[in-house]
> 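Below is one structure. I have some questions about it.
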Amino acid sequence: MNRPLSVRLLAVLCVLLCVAACGGRSPRQEMDLSLRARVDNMNKLAFVNRYRDPLCAIEEGYAALALLNDSLPDYHDGRLRAYNNLAFDYYMLAEHDSASAYIDRVLYWTSLQKSDNDEVESVIARLLQVRLLQRGCRIADSYRLLYGISRDGIPQRRARVGSGNAYLYDFARMEYYITSLTLNYHYRNGAVASSSGTALSAATMDNMQALLGAVETALPDLRCDYAEDLALRYAIAHACYRLAAVQEDHVPMLRKAFAYLDRSQQILNTPQGYCDYHQANVYQLRAFIGADTALGRVAEAIHDSCQGMPVGEEEVLRLFRLSTEMFFATPDPYQHLGAVVAAAEYCLRIGDLDEARFYYTLALEDSSWSDGMAPKFESMLYDGLIRMPYSLAADDQARWYAREMELLEFIRGNERADSLLQEQLERSQSRNRVYVLAIAVGSLLLIVLAVLVFLLRHRTKILHNETRALQEAKRQDVERIANVETCLSVLRHDINPFLSYLQNKKLSEELRQEVLEQLLRTFANIKSWTNLSIPSGLQFQRSEFPLDEVFDSVRATSMNPRPVQVALQFVSSGLTVDGDRQLVEILLRNLVNNALRCTEAGSVTVSATVADDPRFVHITVSDTGCGMDADTLENLFRADKTPSSGGHGFGLILCKYIIKRHDDNTLRGCRIWAESTPGEGTTMHLLLAAHNY
């Protein structure tokens, strides 16, 4: 019977070992992880090839989607990355409708908020939307969307994106800078691709300066891939070029532009960093600078200190030829059209009509671009065809002119809308500055008011505390006066009998000595009462102390006038009390001495037990003396009605006061009371706080 059980246990152990060897994952989980890794690799290839080979990147994107749809429908992050890759790839092919469709899918899926990467993927998709609007010259709509992205905030911390996807954060920020700079240097203020001669508005200049400062501060910490680094450096260089043309001192910004171009060229000179698209951008921007009427001579003057500076018409034309050839090596029709109109425009400017005709023919025969794909480049094409003139046919001239007017009206309408939007924003910012100033002034007034209120409350509190202190001092004065009056009253009551005895000349010497001792004890009690009751006197010193030690001290100092007839007994208890040891000794000494004085024969017994309520120690002082009647017992602890006999008087008032001090300081409910039968004796009861409760 044991063998089957051991076999089963061995089988279970083997299964557990297999699970542990697999990291606790099931075969299905292992398969999902493997499939996710394949999707991630496909998305990575699509991302890396977005500039170098967008057609290959699209194939990788669709392969990732096919695997997601077949085997990983719940891999949310992989799907978002595939959609965004496809959107960007179609943008690179100028297939704007397809790009928009995938942007819409990203925005839909990110609205579901299924992962930490949703926010950054949404920002990337919306930035691509801005680029599409810019290409269509819908400048106002582009800026509204870009302004909304800026206001919402690009994720400010890598921690807010998923583990291992920090490049998405940097990619989003780099895309934001590229898109913002491109809007200002390329699409606003009627700018054309081949010249910086168009003046920049004050708002545009401010935006560009602020963006340049922000991106140059952030650039050292941004890590994505070489392609994005090239794209961002090109955008910075182009912005510096545009700003150089409108500044009195062109040289600093121009040097900065060439510095960024030189760094880009260094990356492009490496085998892994080369890309026709980015190399064409570098050549074309160098050509723009050399061709610019405002900056060409300045560029020639500083060419010795700037690598790759174009000098002369032939060098500039060579760069335009190289850039156009490289752009046509890419499948992006938008760049095809932009390259040929820029090169043809320069050829017209220098009077090389044959080469200009070559470029215009190249544009007209290129079937990859379509109407409305790039309104700005298209309008420049028809303007050049008319000015050349490329064709003398009236029909061609009329058709080109009509199309150019249509495009210019569209562009100017959007530029007017953008100008109105900027004016509205400037007015809004001015109002905001007024509001901010008003809020600041109001806040300052509130702070001043708050300080005044605080000072007033502080002063009121000080006055309140001073008033309470005066009231307390007054109360203590009244208490001291009352204590003095009580002391005098009780003193008069207690010492009168002794004075009468001492005036009796027939009083024996032994009795006279006893009366003197009683009188001395009365004065000792008065001293203790004074120290306790006057606030500046004896302080309550709280501690935990063994009760038996107090018993020993009281036994040693008690005065037994009849040691033969009266036995004084202290019963050891082993208990510990929480209170003032000195006051408890004074208390017990008074009670024991009172008991001894009132007992002619018999015993006085002091004992202690744990009370019914274990928070207290119950102490009793019992005697076999004369006892007290009910009236005496009722007024035993009242200063205004001291007993007429028994000799208790001031000592019992002191005992009551000591108990009150213990009750006030331990907050336990300490108390004292008496039980007595005339002719049989009296028992004094004390409840004091027990230790460890």
Side-chain angles (χ1 to χ4, degrees), residues 94 135-137 139 186-199 245 280 283-296 310 312-330 332-416:
R135 280 190 172 186
C137 289
I139 311 304
H186 192 68
Y187 291 104
R188 277 188 168 157
N189 311 114
V192 294
S194 60
S195 174
S196 65
T198 307
Y283 285 156
Q284 189 181 64
L285 184 51
R286 291 186 186 277
F288 284 161
I289 296 173
D292 192 279
T293 54
L295 300 179
E313 292 179 356
E314 286 300 320
E315 178 63 17
V316 172
L317 187 55
R318 185 185 71 84
L319 291 175
F320 273 124
R321 288 170 183 163
L322 284 172
S323 63
T324 303
E325 181 182 348
M326 289 180 177
F327 276 129
F328 268 82
T330 71
D332 185 355
Y334 179 86
Q335 297 297 343
H336 297 177
L337 186 58
V340 295
V341 297
E345 176 69 23
Y346 181 69
C347 291
L348 284 181
R349 187 185 308 168
I350 65 175
D352 191 342
L353 298 183
D354 290 337
E355 187 140 0
R357 178 176 292 277
F358 167 77
Y359 287 119
Y360 286 132
T361 301
L362 196 62
L364 292 173
E365 293 178 353
D366 183 10
S367 60
S368 64
W369 66 274
S370 57
D371 290 349
M373 181 192 71
K376 179 167 287 192
F377 293 152
E378 192 179 351
S379 69
M380 292 171 62
L381 170 66
Y382 295 128
D383 176 67
L385 291 171
I386 294 169
R387 285 189 295 113
M388 188 174 170
Y390 183 84
S391 171
L392 298 177
D395 289 346
D396 289 339
Q397 293 280 341
R399 177 165 48 83
W400 293 337
Y401 181 78
R403 179 60 179 164
E404 182 189 8
M405 292 299 102
E406 179 183 352
L407 291 168
L408 287 175
E409 182 60 30
F410 173 78
I411 293 170
R412 289 166 184 164
N414 278 279
E415 287 176 345
R416 285 193 296 270

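Values below: every heavy atom of this structure, side chains too, minus hydrogens, waters and symmetry copies.
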> Identify which one of R399, E406, E404 satisfies the side-chain contact (heavy atoms from CB on, under 4.5 Å) criterion when paired with Y382.
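Result: among R399, E406, E404, E404 is the only option passing the side-chain contact (heavy atoms from CB on, under 4.5 Å) with Y382.
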
> State, yes or no, whether a side-chain contact exists between Y401 and I386 at a heavy-atom distance under 4.5 Å.
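A side-chain contact under 4.5 Å exists here.
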
> Taking only residues two or more places apart in sequence or in another chain, which ones pass side chain to side chain donor-acceptor pair (under 3.5 Å) with Y283?
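Testing Y283 for side chain to side chain donor-acceptor pair (under 3.5 Å), a comparison that skips the adjacent residues, returns none.
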
> If you look at every heavy atom in P375 and G136, which pair is closest and at what distance?
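In this case the closest contact between P375 and G136 is CG-O, 3.8 Å.
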
> Rounded to the nearest 0.5 Å, how far apart are CG of N414 and SG of C137?
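Spacing of CG (N414) from SG (C137) equals 7.0 Å.
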
> Flag yes if more than 12 heavy atoms outside D395 fall under 6.0 Å of its CG atom; otherwise flag no.
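No, not enclosed.
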
> Which atoms form the tightest heavy-atom contact between A291 and V316, and what is the distance?
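So the two residues come closest at CB-CG1, 3.9 Å.
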
> Got a sec, which residues hit side chain to side chain donor-acceptor pair (under 3.5 Å) with D352, two or more places apart in sequence or on another chain?
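Scan of D352 (side chain to side chain donor-acceptor pair (under 3.5 Å), adjacent residues dropped) gives none.
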
> List the steps and the verdict of side-chain contact (heavy atoms from CB on, under 4.5 Å) for M380 and K376.
CA-CA 6 Å; M380 292 171 62; K376 179 167 287 192; 4.3 Å; yes

> Using the side chain to side chain donor-acceptor pair (under 3.5 Å) criterion, which residues pair with Q335? Sequence neighbours excluded.
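Expected list: Y277.
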
> Nearest 0.5 Å please: distance from the CZ atom of R357 over to the CG atom of L385.
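So the CZ of R357 and the CG of L385 are separated by 9.5 Å.
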
> Nearest heavy-atom pair of A342 and F288: which atoms, and what distance?
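Smallest heavy-atom distance, with atoms named: CB-CE2, 3.8 Å.
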
> If a pair satisfies side chain to side chain donor-acceptor pair (under 3.5 Å) and one of its residues is in residues 319-328, list it, with sequence neighbours excluded.
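Found R321-E355.
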
> Looking at I411, is its backbone amide N or carbonyl O close enough to the side chain of R416 to form a donor-acceptor pair, meaning the two atoms are under 3.5 Å apart?
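No; zero donor-acceptor contacts below 3.5 Å.
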
> Look at atom CZ of R412 and say whether more than 12 heavy atoms of other residues, nucleotides or ligands are closer to it than 6.0 Å.
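Result for CZ/R412: open.
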
> Of all residues at least two apart in sequence or in a different chain, which pass the side chain to side chain donor-acceptor pair (under 3.5 Å) check with Q397?
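Q397 satisfies side chain to side chain donor-acceptor pair (under 3.5 Å) with no other residue.
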
> Which residues satisfy the ring-ring contact (aromatic ring centres under 6.0 Å, His included) test with F328, sequence neighbours excluded?
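Testing F328 for ring-ring contact (aromatic ring centres under 6.0 Å, His included), a comparison that skips the adjacent residues, returns H336.
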
> Of all residues at least two apart in sequence or in a different chain, which pass the side chain to side chain contact (heavy atoms under 4.5 Å, CB included) check with A393?
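Applying side chain to side chain contact (heavy atoms under 4.5 Å, CB included) to A393 gives S391, D396.
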
> Is there a side-chain contact (heavy atoms from CB on, under 4.5 Å) between L364 and Y390? Walk through the geometry before answering.
CA-CA 11 Å; L364 292 173; Y390 183 84; 3.6 Å; yes

> Of all the heavy-atom pairs spanning G338 and Q284, show the shortest one and how long it is.
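In this case the closest contact between G338 and Q284 is O-NE2, 4.3 Å.
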
> Is there any salt bridge (Lys or Arg N to Asp or Glu O under 4.0 Å) pair reaching into residues 377-386, and which pairs are they, with sequence neighbours excluded?
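Counting only pairs at least two positions apart or across chains, the salt bridge (Lys or Arg N to Asp or Glu O under 4.0 Å) contacts touching residues 377-386 are E378-R403, D383-R387.
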
> Go through the steps for Y346 and V341 under the test side-chain contact (heavy atoms from CB on, under 4.5 Å), then give the verdict.
CA-CA 9 Å; Y346 181 69; V341 297; over 6 Å; no

> For Y334, give me all partners under ring-ring contact (aromatic ring centres under 6.0 Å, His included), at least two apart in sequence or on another chain.
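Y334 satisfies ring-ring contact (aromatic ring centres under 6.0 Å, His included) with F377 only.
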
> Among S368, S367, S370, exactly one meets side-chain contact (heavy atoms from CB on, under 4.5 Å) together with P333. Which residue is that?
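It is S368; the other options fail the test.
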
> Is there a salt bridge (charged side-chain N to carboxylate O under 4.0 Å, His left out) between D332 and R135 once you walk through the steps?
CA-CA 13 Å; D332 185 355; R135 280 190 172 186; 3.6 Å; yes

> If you measure from OH on Y360 to CG on L381, what distance do you get to the nearest 0.5 Å?
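It is 7.0 Å, given to the nearest 0.5 Å.
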
> Check side chain to side chain contact (heavy atoms under 4.5 Å, CB included) between L353 and all other residues, then give those that pass, not counting sequence neighbours.
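In terms of side chain to side chain contact (heavy atoms under 4.5 Å, CB included), with neighbours along the sequence ignored, L353 is linked to L348, M388.
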
